[in-house]
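First the structure, in the form of structure tokens, and then the observations on it.
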Amino acid sequence: MSNVKKRKLIDKGFHILVFLTTLFGLLILSILLFDILKDGLKWINIEFFTNFTSRFAEKAGIRAPLFGSIWIITITMIFAFPIGVGSALYLEEYSDDKKILTKIIKLNISNLAGVPSIVFGILGLGIFVNFLGFGRSILSGALTLTLLILPIIIVSSQEAIKSVPKELRHGAYALGATKWQVVKGVVLPYSLPGILTGSILAIARALGETAPLIIIGAVTFIAFIPESIFDKFTTLPMQVYNWSTMPQTEFHDLAAGAIIILLILLLGANAVAIILRNKYQNRIK
Amino acid sequence: MNIKIDVKNLDFFYGDFKALNNINIEIEENKVTAFIGPSGCGKSTFIRTMNRMNDLIDGTKHVGEIIYEGKNIYSSEVDVVELRTKVGMVFQKPNPFPKSIYENIVFGPKRNGIKKKAELDRIVETSLKDAALWEEVKDRLDSSAWSLSGGQQQRLCIARALAMKPDVLLMDEPTSALDPVATSKIEELIGELKDKYTIVIVTHSMQQAGRISDNTAFFLMGKLIEYGETSKIFSNPEDKRTEDYITGRFG
Ligand SMILES: Nc1ncnc2c1ncn2[C@@H]1O[C@H](COP(=O)(O)OP(=O)(O)OP(=O)(O)O)[C@@H](O)[C@H]1O
Ligand SMILES: [Mg+2]
């Protein structure tokens, strides 16, 4: 009897403990958010979006980095999503698991996900900027970020594909479906929600990166909107970084304003992915 | 009496493990053939060799021949995809696709080149009627197949197989997950289907084998022990082991 009481007490204690840890995270997050909103909100008006950056805080805006970020993230996903999902499909469905090479590749893709992003920046500088001659362009930036997030997309897509029940595949094969028909008709629809979840994470990661973009030479003082993938660019996190290194405190508040927009952009990108995911999930249920 | 499938000296291996040992059997056309035997004796393995589903398992190999329509199905002349359109399969666990009822039925026909909506509609109706499911689902063909009950799902899987208009229908314990009502529906169905199809069914239920099958094959540890008319196997088996199994003395 007393044993039950004691166990219940421990149960309750643990409940409170995990609640407190969650609360701690939430608290820190709220303070951060509050701080940013307090500094940044007052700067957000129409001019903040229509102006380019400037030496004078009153005239500075995020027109160039906002468009730069949208360009970068769009082009990155255009490359990363099909290549990532395609690689995952190949590794899970087509490659021969018994071959050493397959094993090495599978192992190393997960390792790649842990490589510091700056290393990808150096790689991008060498290959895209210099060797392929794309210069310090959106294309170079997007390709570099593609390399960076590919492992995330591949690994999460692999997991999603692995979770497709064997029974479903066999059911399709037994109806005289070819491998490609099984992949397209059963494997992809079933694993799409999982694939999209991984891609949400990847988008967030790419949207927030600065280090590799600094390395490949994204510039922060840009007074035009990119019109093609070969144009120079800057992004919101780059602008935030730049402004927060300025001595004047107005610029620090500007940075807070840019962070708010970056957060909204992130939430927007996530919302799109979540809507897509739910759409396909509902189709399954 | 026509022979639909003629199995000659078939051995089957999972890696080094010999799961089937020198199987010889002739499956008759438009008959129901039941496979019985204790768990692990190789019934599923054998039924899966007949539409080459075992190809999907790594490290398997076979020796011997399975003659269907005059050709060894394992020879290079036979295309496995085409074979499976003619030799359909219903699995032990219902496995409808995460799609609508309608899309489940047309999955096979669509992928085998039937595009016309009217024709697909007709296939859906006739296959569902043949599988005794039409009345229950005709008003909700667009709802998800996963919303059906287990027994309905299994009949849907049967309908899905019938939609291919197969020649042979392989069923691996199709009623093991079902309640008595759904089971008797499917048994009734099998009785009706054998006019059009050749049916092979694996079952653990002696009663079921006795009720629905024309011929029965008894397997034990990868070997075919006895094969013949169901009435004979059940009333007057030749082998002592068959008799022991049927009377429930082991297995
Ligand atoms: N994928 C596999 N890999 C290795 N061995 C297998 C595999 N599938 C089956 N076996 C083995 O082959 C033998 C026959 O298995 P099988 O599934 O054909 O038996 P079964 O007669 O269908 O049994 P049950 O009545 O329990 O379904 C068993 O010893 C089993 O362990
Ligand atoms: Mg079995």
Side-chain angles (χ1 to χ4, degrees), chain A residues 85 89-103 105-106 157-197 275-285, chain B residues 44 47-48 50-59 79-100 103-113 127 142-147 153-154 156-157 159-166 168-172:
Chain A
V85 177
L89 271 179
Y90 175 77
L91 289 172
E92 287 307 315
E93 296 290 318
Y94 292 90
S95 69
D96 182 358
D97 262 341
K98 283 190 290 292
K99 286 207 182 116
I100 306 257
L101 187 67
T102 313
K103 281 188 196 155
I105 289 176
K106 278 193 176 178
S157 302
Q158 275 180 294
E159 289 306 319
I161 291 167
K162 260 190 241 165
S163 76
V164 179
K166 191 178 88 232
E167 289 78 18
L168 290 185
R169 294 167 200 265
H170 286 189
Y173 278 117
L175 290 168
T178 60
K179 183 153 203 164
W180 164 237
Q181 288 172 332
V182 174
V183 167
K184 186 166 155 273
V186 175
V187 175
L188 274 182
Y190 189 94
S191 53
L192 205 58
I195 291 175
L196 287 172
T197 307
I275 289 168
L276 274 175
R277 183 182 68 188
N278 290 347
K279 194 179 138 202
Y280 283 98
Q281 225 155 23
N282 290 340
R283 214 190 274 176
I284 286 178
K285 276 179 197 141
Chain B
S44 298
I47 204 171
R48 282 199 311 258
M50 292 197 240
N51 66 344
R52 293 182 55 180
M53 288 304 285
N54 284 327
D55 291 15
L56 302 172
I57 302 170
D58 281 340
D79 179 53
V80 63
V81 168
E82 203 187 320
L83 172 74
R84 290 187 190 135
T85 64
K86 293 188 201 145
V87 182
M89 183 161 219
V90 176
F91 298 79
Q92 177 169 354
K93 254 174 60 193
N95 59 348
F97 302 129
K99 297 171 187 288
S100 70
E103 284 299 325
N104 262 276
I105 307 281
V106 300
F107 187 93
K110 256 190 184 172
R111 278 156 187 78
N112 280 280
S127 341
D142 287 327
S143 54
S144 166
W146 286 13
S147 66
Q153 288 189 5
Q154 191 62 308
L156 178 68
C157 292
R160 188 174 72 182
L162 296 180
M164 295 297 296
K165 302 203 174 63
V168 179
L169 191 58
L170 308 172
M171 304 173 116
D172 191 351

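Just so we're on the same page: letters track the sequence lines, and every chain starts at 1.
You'll find the side chain of B/Val80 stays beyond 4.5 Å of the side chain of A/Tyr173, heavy atoms only. Residues A/Leu175 and B/Arg111 are not in side-chain contact: their nearest non-hydrogen atoms beyond the backbone lie 4.5 Å or more apart. The shortest side-chain heavy-atom distance between A/Lys98 and B/Asp58 falls under the 4.5 Å cut-off. Considering only heavy atoms from C-beta on, B/Phe91 stays 4.5 Å or farther from A/Glu167 through its side chain.
Counting heavy-atom pairs closer than 4.5 Å to chain A, the top residue among B/Arg160, B/Glu82, B/Met89 is B/Arg160. For the set B/Asn51, B/Leu56, B/Val90, the count of heavy-atom pairs under 4.5 angstrom toward chain A peaks at B/Leu56.
Residues A/Tyr190 and B/Pro98 approach most closely at CD1-CG, 3.7 Å, considering heavy atoms. B/Phe97 and A/Leu168 get closest at one heavy-atom pair: CE2-O, 3.4 Å.
Within 6.0 Å of NZ in A/Lys179 there are more than 12 heavy atoms belonging to other residues, nucleotides or ligands. A 6.0 Å sphere centred on NZ of A/Lys106 holds more than 12 heavy atoms belonging to other residues, nucleotides or ligands.
Atoms NZ and CG, from A/Lys166 and B/Asn95 in turn, are 11.0 Å apart once rounded to the nearest 0.5 Å.
In this structure, the portion of B/Pro96 lying under 4.5 Å from any heavy atom of chain A is its backbone and not its side chain.
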